[in-house]
Chemist: 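Shown below is the structure under consideration.
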Amino acid sequence: MAYWLMKSEPDTFSIDDLKARPGSREHWDGVRNYQARNMMRDQMKKGDQVFFYHSACAEPGIAGIATVVKESYPDHTAQDPESKYFDPKASVDNPRWFMVDVKYKRKLKRLIPLKQLKENPALSEMILVKKGSRLSIMPVSESEWQAILEME
DNA sequence: GCCAACGTTGGC
DNA sequence: GCCAACGTTGGC
């Protein structure tokens, strides 16, 4: 089992929104970055654990935990001209973009702010805290996962 | 295959 | 809303 971190803008889709979905599960559509896509498509497995990160908001940080419940399949929003994620280069034969399904597990006891993640020496190598990193999906090592849980 | 121009992310 | 840092696009 692997650990991941996935970013979402809470104004669009927050941890509470995930919890409120039918079955508390949702497909993770809209990823339009190749690095993030490749990890989702090739490496994310059912049962993997995910930190749900709130980005581009007043208080960026880790809000909760989700579980991967369905492995990668084509992101249909890429083929929908009405979608803001529409990609004219995507097709049924060449979907180009993929997504997984995740299920709400729990919220952390408190939101762990990015600021505090940056201050934790155990997390100094985390992609999230590296300058200029914009990856919306990234692997988290087991030691980083544990270190973050200890900050709860 | 280079690289300038453009678009996006996301913290602040 | 600003803007630094990246990623992507497309002309050549």
Side-chain angles (χ1 to χ4, degrees), chain A residues 2-21 26-44 48-68 71-102 104-141 143-152:
Chain A
Y3 299 104
W4 305 94
L5 181 145
M6 297 170 95
K7 294 180 183 175
S8 183
E9 299 187 15
D11 295 342
T12 307
F13 187 67
S14 72
I15 185 86
D16 290 322
D17 293 327
L18 175 62
K19 187 181 180 182
R21 286 292 195 272
E26 185 58 286
H27 46 263
W28 203 270
D29 60 10
V31 171
R32 295 294 179 269
N33 168 283
Y34 289 106
Q35 247 187 299
R37 179 204 69 179
N38 292 347
M39 285 187 281
M40 207 165 49
R41 185 189 60 190
D42 305 332
Q43 294 176 249
M44 282 190 138
D48 283 1
Q49 300 294 108
V50 177
F51 277 135
F52 194 112
Y53 179 88
H54 283 175
S55 69
C57 57
E59 205 176 11
I62 296 172
I65 297 173
T67 308
V68 177
E71 293 173 17
S72 76
Y73 59 109
D75 180 344
H76 56 81
T77 62
Q79 296 169 48
D80 175 8
E82 301 299 311
S83 170
K84 70 168 180 169
Y85 299 125
F86 178 63
D87 180 349
K89 291 179 181 169
S91 65
V92 174
D93 288 342
N94 178 23
R96 197 143 113 128
W97 302 112
F98 292 81
M99 60 190 179
V100 299
D101 287 1
V102 301
Y104 173 87
K105 185 170 181 187
R106 69 179 178 91
K107 283 169 84 166
L108 298 189
K109 296 179 191 120
R110 65 184 185 102
L111 182 132
I112 301 176
L114 175 63
K115 186 168 178 295
Q116 289 177 21
L117 297 171
K118 284 179 172 172
E119 288 167 358
N120 187 338
L123 304 177
S124 61
E125 294 305 310
M126 233 188 134
I127 297 163
L128 182 73
V129 305
K130 297 272 185 185
K131 187 181 167 214
S133 169
R134 298 183 322 186
L135 259 187
S136 61
I137 295 176
M138 67 189 75
V140 175
S141 73
S143 64
E144 288 163 352
W145 182 273
Q146 295 302 335
I148 290 166
L149 288 183
E150 283 167 17
M151 295 173 73
E152 254 189 291

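Letters A, B, ... are given to chains in the order of the sequence lines, protein chains preceding strands, and every chain is numbered from 1.
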Chemist: Under a 3.5 Å threshold, yes or no: a donor from one side chain and an acceptor from the other, between A/Tyr85 and A/Asp80?
Modeler: no
Chemist: Have a look at A/Lys115 and say if it touches a base, only the backbone sugar-phosphate, or nothing, with a 4.0 Å heavy-atom cut-off.
Modeler: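 Counting heavy atoms under 4.0 Å across all strands, no contact is made by A/Lys115.
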Chemist: Earliest and latest nucleotide of DNA chain B, 5' to 3', sitting under 4.0 Å from a non-hydrogen atom of chain A?
Modeler: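 Terminal contacting nucleotides, 5' to 3': B/dG7 to B/dC12.
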Chemist: Report the C-alpha distance between A/Lys107 and A/Asp16 in whole Å, list the side-chain angles of each, state the deciding distance to 0.1 Å, and finish with yes or no for salt bridge (Lys or Arg N to Asp or Glu O under 4.0 Å).
Modeler: CA-CA 8 Å; A/Lys107 283 169 84 166; A/Asp16 290 322; 3.0 Å; yes
Chemist: Passes salt bridge (Lys or Arg N to Asp or Glu O under 4.0 Å), A/Arg32 versus A/Asp87? Steps please.
Modeler: CA-CA 9 Å; A/Arg32 295 294 179 269; A/Asp87 180 349; 5.4 Å; no
Chemist: Where the side chain of A/Arg41 meets the backbone of A/Glu71, is there a donor-acceptor pair that is under 3.5 Å apart?
Modeler: no
Chemist: Which word best sums up how the rings of A/Phe52 and A/Phe13 line up, parallel for under 30°, tilted for 30 to 60°, or perpendicular for over 60°?
Modeler: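 Tilted, since the angle between the ring planes falls between 30° and 60°.
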Chemist: Answer with yes or no whether the side chains of A/Ser91 and A/Asn94 bring together a donor and an acceptor at under 3.5 Å.
Modeler: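 Per modelled atom types, A/Asn94 and A/Ser91 side chains form no pair under 3.5 Å.
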Chemist: Heavy atom of residues 75-100 of chain A under 4.0 Å from DNA chain B: which residues?
Modeler: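 By residue number: none to list.
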Chemist: List in chain and number order the residues that pass side chain to side chain contact (heavy atoms under 4.5 Å, CB included) with A/Lys109, two or more places apart in sequence or in another chain; answer none if no residue qualifies.
Modeler: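 Checked A/Lys109 against side chain to side chain contact (heavy atoms under 4.5 Å, CB included); matches are A/Glu152.
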Chemist: With rounding to the nearest 0.5 angstrom, report the OG to CD1 distance, A/Ser55 to A/Ile62.
Modeler: 12.0 Å
Chemist: If we count only N and O atoms by modelled type, under 3.5 Å, do the side chains of A/Trp28 and A/Asp101 hold a donor and an acceptor together?
Modeler: no
Chemist: Give, ordered by number, those residues of residues 2-16 of chain A having at least one heavy-atom distance below 4.0 Å to an atom of DNA chain C; if nothing qualifies, reply none.
Modeler: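 Here the set is empty: none.
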Chemist: Which pairs pass side-chain hydrogen bond (donor to acceptor under 3.5 Å, both in side chains) with one or both residues in residues 112-121 of chain A, sequence neighbours excluded?
Modeler: A/Arg110-A/Gln116, A/Lys115-A/Glu119
Chemist: Determine, step by step, whether A/Trp97 and A/Tyr34 satisfy the ring-ring contact (aromatic ring centres under 6.0 Å, His included) criterion, reporting the C-alpha distance in whole Å, the side-chain angles of both residues, the deciding distance to 0.1 Å, and the verdict.
Modeler: CA-CA 8 Å; A/Trp97 302 112; A/Tyr34 289 106; 4.8 Å; yes
Chemist: Looking at residues 121-133 of chain A, who's got a heavy atom less than 4.0 Å off DNA chain C?
Modeler: A/Lys131, A/Gly132
Chemist: Applying the side chain to side chain contact (heavy atoms under 4.5 Å, CB included) criterion to A/Met6, which one of A/Val50, A/Leu135, A/Val31 satisfies it?
Modeler: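 Going through the options one by one, the only one that passes is A/Val50.
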